[in-house]
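Each chain gets a letter, A, B and so on, in the order its sequence line appears, and its residues count up from 1.
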Amino acid sequence: MADVILPSGERIVVGDAGLLAALRERRATAAAVLLDGQVHDVRDPLPAVGEVRVVGLNDPAALDVLRHTASHVLAHAVTRLYPGVKLAIGPAIAEGFYYDFRFPDPINRDDLVRIEAEMAKIVEEDLPIERVWLPRAEAEALLAEKGEAYKLELLREIPDEKISFYRQGEFLDLCRGPHLPSTGLVQHVKLVDLAGAYWRGDAERDMLTRIYGTAFPTREALEEHLKWREEARKRDHRFLGPELDLFSIHNETVGAGLVLWHPKGAAIRHQIETFWKDEHYKAGYQLVVTPHIGRARLWETSGHLDFYREGMYSPMMVEGQEFYLKPMNCPFHIAIYKTRTRSYRDLPIRYAELGTVYRFERSGVLHGLLRVRGFTQDDAHIICRPDQIEDEVLACLDLTLRILGAFGFHDYKVALSVRDPEHTEHYIGSDAMWEQAEGSLVRALERKGLSYTRMPGEAVFYGPKIDLHVLDSLKRSWQLTTIQFDFNEPERFDMAYIGDDGQAHRPYMVHRALLGSLERFFGILIEHYGGAFPVWLAPVQAVVLPVTEAEIPYAEGVADELRRAGIRAEAWTRERKTLRWLIREAQLQKVPYMLVCGAREAAGGLVAVRLRTGEDLGPQPVGSMVAQVQEAVASRGLAL
RNA sequence: GCCCGUGUAGCUCAGUCGGCAGAGCACUUCCUUGGUAAGGAAGAGGCCGUCGGUUCGAUUCCGACCGCGGGCUCCA
C-alpha cells in the first residue's frame with residue numbers, strides 16, 4: 001500500500017489493483033511517477049510503503065518521458081512505412097528526441113512529411129503502451145528473428161535476466177522506459193531534421209540515418225520552440241556576417257577556416273581589443289607580442305611535437321632549419337620569462353597577448369567563425385609562487401566576469417575539471433600540486449560565489465582547470481573562458497625563480513583565455529546581439545540622411561562634427577535616393593542612430609532622430625545628439 | 001573521413017522531359033528633388049562547381065572529383 005499524490009493534488013491509497021487501474025477510474029492522465037525524485041514508469045510496481053507522486057504531462061519531470069515515447073511513435077511510423085528498416089537507439093535529448101535507423105534505401109527530407117503523417121495516425125489511434133518483460137533467451141530469440149542486429153548488440157550489454165520491452169499496437173521495441181500510458185498523449189510533435197550518425201558514434205562502424213524531432217505537452221510550447229529555432233536561424237552569424245559586411249571566408253582562394261575581417265568587422269574587433277587591453281593593463285597584466293613561427297626545437301622542448309602534433313601544420317624549412325606555425329603562444333611567453341633570473345619579488349608575472357595561432361582542423365568540423373584554422377587567442381600566462389595562486393585565480397575570475405559582463409553575458413555555468421582518481425598515473429605533476437591547484441580553484445570560485453560542477457577525469461594531463469560557459473540572449477550555452485594550470489611546461493623549460501632562501505624554485509603557471517578566440521567570440525557576439533550591436537561596438541554608430549540634394553553639405557557637416565566628437569558616423573550622400581530608401585537601408589544595417597536632415601533641420605542646426613528601435617525622437621540640436629551617443633557608448637549597454 | 005542534401009550572374013533563387021540561359025536585389029547611365037523600411041527607365045553582367053563519358057549536340061543524362069549546408073552516443 002502506497003500513498004499516491006495525483007497531479008490534481010488529491011491523495012489516494014493504491015493497493016494491489018495497481019496504479020493504472022486507479023488512475024483510469026479517476027480519469028487522471030499520468031505521464032510518469034516520481035519516487036525519491038527519480039522518474040519511474042507508471043506501470044512499475046509501487047513501493048510497499050512510502051509516498052509517490054504522479055506527474056501529469058505538463059510537469060517538467062515528464063518531458064523526457066513524453067519525448068522518449070515520441071521517439072517510439074517515430075520508430076513505429078518508420079517501421080510501417082519502410083519494411084526492412086533496422087532500429088538502433090532513440091533517446092530523448094535536450095531539445096527533443098531522435099531515433100537512429102538503418103534504412104534499406106536512403107531517405108531524404110521529403111520523407112519526413114510522410115513519416116509525420118503516419119505518426120499523426122498512430123497518435124490518433126491512441127494505442128495503449130504496454131510494458132513486457134521477457135526472459136533473456138526469449139528476448140534474444142525474438143530480436144534475432146526480427147534481424148535487429150543493433151538491438152541484439154545492446155541486449156548483450158544488459159546484465160539483467162529479465163529484459164524490458166514496450167509494445168504499442170504491432171510495434172515492439174527493446175527499451176528500458178519509462179513511457180507514457182498511450183500513444184494518444186503525444187499530441188504536439190514535429191520532426192525537425194535528418195542527419196547521418198555512426199552507430200555508437202564510432203567512425204569505424206555503420207552509418208545510420210538519424211531523424212531528429214521534438215515534442216511538447218502543449219501546442220503553445222511546441223510553437224514557441226519552433227519560433228526559437230527560427231530566431232536562432234535568423235541570427236546565424238554565417239548569414240549575418242556577409243549581410244552586414246563584417247567578414248568573409250573563401251575556401252577556394254584563401255583557404256578553408258581562414259577569416260577575412262572586413263572594415264566593419266575589424267571596427268568591432270578594434271573596440272573589443274582596445275577594451276580588452278585597457279582592462280588587462282588595469283588588472284596588472286603586461287602585454288607582449290610574439291612571432292607566428294618558431295623553430296622545431298622550441299616545440300620539442302614544450303612537448304607540442306609529442307602530444308599536439310596532429311593539431312600542427314607541417315614544418316617549413318628556413319636556411320636548413322625546421323620552423324613550425326605556432327598552435328599556442330605559451331612557449332614564447334616562457335622564453336620571455338627566461339631572459340633573466342627572476343626573483344620571488346618579481347612574481348606574479350602576467351604576460352598577455354592577442355596571439356594568432358594556427359591549428360589543423362579536419363574540413364568536416366570547420367564552421368563559420370566558430371571553428372576555424374587560424375584564430376587569435378586572448379591569451380595570458382600567469383607565472384606565480386605557490387602562495388599566490390589562489391589570489392591569482394580569483395583575480396582572473398574577477399577580470400573574466402568584468403569583461404564578459406561588458407558584452408552582456410551575465411549567466412554562467414562553471415565546470416571544474418580534475419583528475420580521474422582511478423588513473424592518477426596518466427597525469428603529470430605531484431599529488432600535492434594537483435591538490436593545491438584544485439584547492440585554489442575551488443576557493444576562488446567560492447569566494448566569487450560561483451557554483452560549479454566538479455568533473456573528475458575531465459582535466460587535461462598537465463593540470464586542473466576551470467571552464468566557464470555563458471548563456472547568450474537565446475539561452476544557448478557557449479564555452480568561452482578557460483583557466484588552466486600547467487605542471488608540464490615549467491618543468492620542460494626548467495622555469496625558475498629565486499626564493500627568499502636564495503634557492504631556485506619552480507613557479508606555477510596558469511594559462512587562461514577569457515574570450516577564447518576573437519573569431520569565435522565575434523561569431524557568438526553576432527548571434528547574441530542578432531547583428532544589432534550595442535552602440536560602443538556598432539561599426540557605424542550614426543548615419544546622417546539628407547532629405548534632398550540641398551541638404552548634402554549640411555549632412556556632411558553634421559557627420560564631420562560627430563566624427564570630431566569620436567563618433568563613428570557617415571553621411572549617406574553618395575546617391576540620390578529617397579529618404580524611405582535610406583531609412584530602410586540603415587534599418588537593415590542595424591545602425592543605432594539615423595539622423596535625418598531636411599530643410600527645417602538645416603536651418604536650425606538640428607537633426608531629426610530616428611532610433612534603430614523605430615522610435616522617433618523628433619528634431620534635436622546636434623550637440624545634444626553627440627552627448628546622447630557618447631553616453632550610450634560609455635554605458636556599453638544596449639540602450640540607445 | 002562518413003551519411004543526407006546542395007552547387008546556375010556579386011547576392012537570393014527560377015529554369016531547361018538534351019537544342020542560343022532567366023527573375024529580383026546589387027552595379028552603371030538617365031529621369032525623378034523625394035520627410036521616416038524599396039520612385040521610374042535603360043544597360044552591363046554567365047566556362048550553369050571541375051574533369052571525364054554517352055550523344056549530331058550536355059548547364060540538363062551517367063561517373064568521378066571538388067566546394068558548401070546539416071549531422072556523426074545527451075547510449076536499450
Base, sugar-phosphate alone, or nothing: which one does [X] contact when heavy atoms must sit under 4.0 Å apart?
X      : value
A/R210 : sugar-phosphate
A/R580 : sugar-phosphate
A/H367 : sugar-phosphate
A/A550 : nothing
A/I89  : sugar-phosphate
A/A599 : base
A/R136 : nothing
A/R600 : base
A/Y212 : sugar-phosphate
A/L208 : nothing
A/A197 : sugar-phosphate

Applying a 3.5 Å limit to both distances, which nucleotide forms a Watson-Crick or G-U wobble pair with [N]?
N     : answer
B/C2  : B/G71
B/G18 : none
B/U50 : B/A64
B/G45 : none

Hey, does the side-chain of A/E551 have a donor or acceptor N/O within less than 3.5 Å of a partner on the base of B/G34?
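There is none.
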Check for me whether the distance between the ring centres of A/H72 and A/H76 falls short of 6.0 Å.
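When the ring centroids of A/H72 and A/H76 are compared, they turn out to be at least 6.0 Å apart.
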Ring centroid separation for A/Y166 and A/H179, is it under 6.0 angstrom?
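Yes; A/H179 has its ring centre under 6.0 Å from that of A/Y166.
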Using only atom types and a distance under 3.5 Å, with no angle test, would you say the side chain of A/T214 pairs donor to acceptor with the backbone of A/E95?
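Confirmed, A/T214 side chain pairs with A/E95 backbone.
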Please confirm whether A/R205 makes a cation-pi placement over A/Y150, using NZ or CZ under 6.0 Å from the six-membered ring centre and within 45° of the ring normal.
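Judged by the rule, A/R205 and A/Y150 form no cation-pi pair.
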Between A/R584 and A/L579, who's closer to the 5' end of RNA chain B by nearest nucleotide?
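Mapping each residue to its closest nucleotide by heavy atoms, the 5'-most match is A/L579.
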The test is ring pair (Phe, Tyr, Trp, His ring centres under 6.0 Å); show your working for A/H225 and A/F216 and say whether it passes.
CA-CA 9 Å; A/H225 176 79; A/F216 286 89; 5.1 Å; yes
